Amino acid sequence: MAGAAGGAGAQLMLGCVERGLYPAVSRAARALAPELAVPTGQGCCGALHAHNGDLAGGERLAERLGADLPGTIVTTSGGCAAHLASVLGRDRVRELSTWLADRPAGAELRVGSRRARVTLQDSCHLRNGLGVFAEPRTLLRQVADYVELPSAAACCGAAGTYSLLRPKDSRRILDAKLDEIEAAGVDLVVAVNPGCLRQLRTGLRRRRSAVRAVHLAELLARVEPP
C-alpha cells in the first residue's frame, strides 16, 4: 500500500492502550504526519472485545468509531488496524507505515559513530490479517542497518490480552523471542503495535538488556530532519 498524498479527510486514531500507556507514540505519529486530524472524544475500536470472543460487541464499537471518524482512519496499532479493516473495509483504514511509505526518509539514526542496528517484531494481526510487513521494513532500512529476526513473523506472546490471562505461557514465548533479539546484536527492536511494545519492553527491562524496544513512530520521529 502506498502513502496517500495530501490526506483530506484522514484522521489519526488514538488507541485505548496507546492513550493510557504510550501517548508519546501518538505525538510522534502526529509529528510525522501533521496533515492528520486528531479528533477528541474518540472511543474504543473494539479489537480487544473481538479478540476475546465478543465479536458482536467488537463490531458495534468499530462501526461507532467509524462514524465518529469519517474518511480514512490512520492507526499506529496493528491489532486495531486489522479489526477496523475487517468491519469498515480496507479502503477506510491505514496502518501508519503504509501511510508514510512513499515519503522521503529522514536522517540516519546513529549510535555513536555508527549507523544504528535495528530489528522489527511483526504485529501478528497486521501481518496475517492485512498482509502488511514490507512497509515498516522499508522505512527502517532507509534510516538504520536492518537485521531480520528469524522469528519476526511469529508471536511475541502479547496476543491481545493473552499475556494478562496466561502470563506463564506468554513469558515462555517471549523468552525465546528475547534470546533471539539479544543474539542479533541490535540496538533497538521496533514494534508496530502497543501490545507488542509493552510485551517487549517489559521483558527487556526484566533482563536488564541493553536492547531497547521502541514503536516505529517514535523511531522515525527521532530521525526526521528539522
Side-chain angles (χ1 to χ4, degrees), residues 1 3 18 21-22 24-29 31-33 76-79 81 95-128 131-159 163 170-226:
M1 296 181 217
E18 187 176 290
L21 297 179
Y22 306 118
V25 173
S26 292
R27 291 195 292 269
L32 291 165
T76 56
S77 168
E95 183 271 331
L96 182 67
S97 71
T98 71
W99 186 258
L100 299 175
D102 290 341
R103 303 194 183 194
E108 288 188 341
L109 181 65
R110 302 192 69 81
V111 175
S113 61
R114 63 174 174 81
R115 214 169 187 234
R117 286 172 57 85
V118 305
T119 191
L120 176 76
Q121 170 59 38
D122 281 304
S123 157
C124 296
H125 286 97
L126 185 63
R127 181 169 184 138
N128 300 323
V132 173
F133 58 91
E135 291 88 345
R137 286 167 169 79
T138 297
L139 291 168
L140 290 174
R141 287 188 176 102
Q142 290 174 345
V143 299
D145 287 341
Y146 180 74
V147 180
E148 181 73 13
L149 291 178
S151 72
C155 185
C156 67
S163 62
S170 173
R171 183 166 176 174
R172 185 164 53 249
I173 296 168
L174 175 62
D175 282 343
K177 180 75 66 175
L178 296 179
D179 288 343
E180 198 172 273
I181 290 169
E182 292 189 308
V186 296
D187 304 296
L188 297 163
V189 55
V190 179
V192 287
N193 187 69
C196 302
L197 180 61
R198 174 186 172 276
Q199 178 84 335
L200 294 168
R201 279 188 178 172
T202 299
L204 290 167
R205 285 171 179 168
R206 186 187 298 124
R207 290 189 174 201
R208 299 183 180 179
S209 174
V211 182
R212 293 292 177 261
V214 64
H215 191 281
L216 177 68
E218 294 177 293
L219 182 145
L220 293 177
R222 290 184 194 177
V223 298
E224 279 294 290

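Just so we're clear, the structure is a prediction, and the values are computed from it rather than from any experiment. Numbers for residues simply follow the sequence, beginning at 1.
- Remark: Thr76 engages Glu18 in a side-chain hydrogen bond (donor to acceptor under 3.5 Å, both in side chains) (not counting sequence neighbours).
- Tyr22 is linked by a side-chain hydrogen bond (donor to acceptor under 3.5 Å, both in side chains) to nothing, counting only residues two or more places apart in sequence or in another chain.
- For Glu108, the salt bridge (Lys or Arg N to Asp or Glu O under 4.0 Å) criterion is met by Arg110, Arg115, not counting sequence neighbours.
- Across Leu100 and Leu220, no two heavy atoms sit closer than the pair CD1-CD1, 4.0 Å.
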Listed pairs under 3.5 Å, donor-acceptor, residues 188-196 side chains, sequence neighbours left out:
residue : atom : partner : partner atom : Å
Asn193  : OD1  : Ser77   : OG           : 3.0
Asn193  : OD1  : Gly78   : N            : 3.2
Asn193  : OD1  : Gly79   : N            : 2.9

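- Of the possible donor and acceptor atoms, one in the side chain of Ser123 sits under 3.5 Å from a partner among the backbone N and O of Leu126.
- Scanning all heavy atoms of the two residues, the minimum distance from Leu174 to Gly203 falls at CD2-CA, 3.9 Å.
- With sequence neighbours excluded, no residue forms a side chain to side chain contact (heavy atoms under 4.5 Å, CB included) with Ala176.
- For the pairing with Tyr146, the side chain to side chain donor-acceptor pair (under 3.5 Å) check across Arg137, Arg117, Arg141 returns one residue only, Arg137.
- Summarising the geometry of Ile173 relative to Gly157, their closest heavy-atom pair is CG2-N, 3.6 Å, with the distance given to 0.1 Å.
- Heavy atoms only, all atoms of each residue included: Gln199 and Cys156 are closest at NE2-O, 3.1 Å.
- Heavy atoms only, all atoms of each residue included: Ala107 and Val143 are closest at O-CG1, 3.7 Å.
- Listed by first and then second residue, the salt bridge (charged side-chain N to carboxylate O under 4.0 Å, His left out) pairs that reach into residues 182-194 are Arg114-Asp187, Glu182-Arg207, sequence neighbours excluded.
- Going from atom CG of Leu204 over to atom CG of Leu200 covers 6.0 Å, rounded to the nearest 0.5 Å.
- By the side-chain hydrogen bond (donor to acceptor under 3.5 Å, both in side chains) test, Gln121 is found to be paired with Lys177, residues two or more places apart in sequence or in another chain being considered.
- Of all heavy-atom pairs between Leu139 and Ala101, the closest is CD2-CA, 4.4 Å.
- To the nearest 0.5 Å, atom CG of residue Leu140 and atom CG of residue Leu216 are 5.5 Å apart.
- Residues satisfying the side chain to side chain contact (heavy atoms under 4.5 Å, CB included) test with Glu218, not counting sequence neighbours, are Ala24, Val25, Ala28, Leu197, Arg201, Val214, His215.
- By the side chain to side chain contact (heavy atoms under 4.5 Å, CB included) test, Asn128 is found to be paired with Cys124, residues two or more places apart in sequence or in another chain being considered.
- Taking the side chain to side chain contact (heavy atoms under 4.5 Å, CB included) definition, one finds that Arg172 meets it with Asp169, sequence neighbours left out.
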